[in-house]
Number of protein chains: 2
Amino acid sequence: MPVSFAGVLPSFERTREPGAVMRVSGVPDCYVTSMRKASRRLTQLYDEAMAPSGLRSTQFSILAELSEPTQGPPTMGELAEVLVLDRSGLGHSLRPLEREGLIEFEVNPDDRRSRIVVLTKAGRDRYRQAHELWRSAQERYRSATGAAEADELRDRLQAIAHDDRLA
Amino acid sequence: MPVSFAGVLPSFERTREPGAVMRVSGVPDCYVTSMRKASRRLTQLYDEAMAPSGLRSTQFSILAELSEPTQGPPTMGELAEVLVLDRSGLGHSLRPLEREGLIEFEVNPDDRRSRIVVLTKAGRDRYRQAHELWRSAQERYRSATGAAEADELRDRLQAIAHDDRLA
DNA sequence: GCCAATTAGGGGCATATGCCCATACTCTGG
DNA sequence: CCAGAGTATGGGCATATGCCCCTAATTGGC
């Protein structure tokens, strides 16, 4: 089977002859399955590219959000919401970053139940370093799928991520 | 901010005034970030819908693949490739399914290094049960985003998942 | 036929996510 | 001002994924 699917993998691909390299699931119609597969693939691409920085995709996303916040350092709850992450899960994900001194916690003076997450200088530096590698991954993906396609897909994914009708 | 983004979240959304509910990342351009967020959101939707069956998205995907294989029971390596999963990771994910008696392993007579994964009767039953719940999640997503849109997006995600240029 | 290179999995370890429950605060009605 | 409801996190536990290295088995070249 050739490299490209021309952007589409129709259902009838299921019935390709034996001997072909690829196997296609009997449930090619499942939206979440294809989403998760694509997510894993893309994550592999980015993680590999950013490996020299010691940051993975998730960690990069977190530092990115902290690096360019829209309205000052966020609380954990706010950060979890933006990242579409479970609050507990975010807590766990922040642990390694804290351990490495890339982020710090501060008690929120406005509400002492919550804590504010702030980027340290080390965190900023690491983010900048990873950013270079991140860019190369972006370019790789863009050139493989086409810039316009890539951007349109990303916008659609963002809409899904924040679509309250799915929550 | 209203519920819908009309399918697109343009970059300039970054500069919305303070007071709005949603925070948008300073790196709205990252493809893998939006992919992972959308993946988490969709996973939450499906996992919640399928919770009564005791199966999660990943497990459902695995059983689905085993339930309707294109060319007989796959080896672990084949299964990992179809699922765009790391082989070790697949091994770990299969453990709970084996423990519950939904799948079994058989030595591959053609190559005794590898093992073949087969669905048990209990596995088939469980899959059928989950399938009902899965369908409701599918419908929920389809009706929220539109059937044609959903299908087109899914096909594009499948193309990405199996695009060798990204491997 | 035999040994080197290759390949399939397993084990261990680390991060990624999510759920549930406990705890510490905050807020709102009397 | 206080009790009870509501909210922000933390801790514990389970699955999800991936990487690296080790062992078993296969394969290819001589």
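Letters go in sequence order (proteins before strands), and every chain restarts at 1. Bear in mind the structure is a predicted one, so any value in this text is a computation, not a measurement.
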Considering only heavy side-chain atoms of Leu85(B), the closest of dT26(D), dT17(D), dA16(C) is dT17(D)
Per atom distances to the Gln59(B) side chain, the nearest of dG11(C), dA16(C), dT15(D) is dT15(D)
Looking only at dT17(C), dA25(D), dG10(D), the nucleotide nearest the Arg112(B) side chain is dA25(D)
Checking dA8(C), dG18(D), dA8(D) against the side chain of Ser114(A) (C-beta onward), the nearest is dA8(D)
Walking DNA chain C from its 5' end, the first of Gln44(B) and Glu100(A) to be reached, judged by nearest nucleotide, is Glu100(A)
Check whether any side-chain nitrogen or oxygen of Arg36(B) sits under 4.0 Å from OP1 or OP2 of dT17(C), and answer yes or no.
yes
Is there a donor N/O on one and an acceptor N/O on the other, under 3.5 Å, for the side chain of Thr43(A) and the base of dG18(D)? no
Glu132(A) and Arg135(A): salt bridge (Lys or Arg N to Asp or Glu O under 4.0 Å), yes or no, with the steps? CA-CA 5 Å; Glu132(A) 297 299 311; Arg135(A) 186 147 39 206; 3.4 Å; yes
Measuring to OP1 and OP2 of dT15(D), would you say a side-chain N or O of Arg56(B) lies under 4.0 angstrom away? no
Taken to the nearest whole Å, CZ/Arg113(B) to C1'/dC22(D) is 15 Å
Do Asp151(B) and Tyr31(A) have side chains that get closer than 4.5 Å, going by heavy atoms? yes
Per atom distances to the Arg99(A) side chain, the nearest of dC19(D), dG12(D), dT15(C) is dT15(C)
Closest of dT9(D), dT15(D), dT17(D) to the Thr75(A) side chain is dT9(D)
Do Glu149(B) and Arg156(A) have side chains that approach each other closer than 4.5 Å (heavy atoms only, starting at C-beta)?
yes
Separation of dG10(D) atom P from His92(A) atom NE2, nearest Å, is 9 Å
Result for 5'-nearest mapping on DNA chain C, choosing between Pro96(A) and Asp111(A), is Pro96(A)
Side-chain contact check for Met76(A): nearest option of dA8(D), dG10(D), dG10(C) is dG10(D)
* To do: Classify the angle between the aromatic ring planes of Tyr127(B) and His131(B) as parallel (below 30°), tilted (30 to 60°) or perpendicular (above 60°).
  => perpendicular
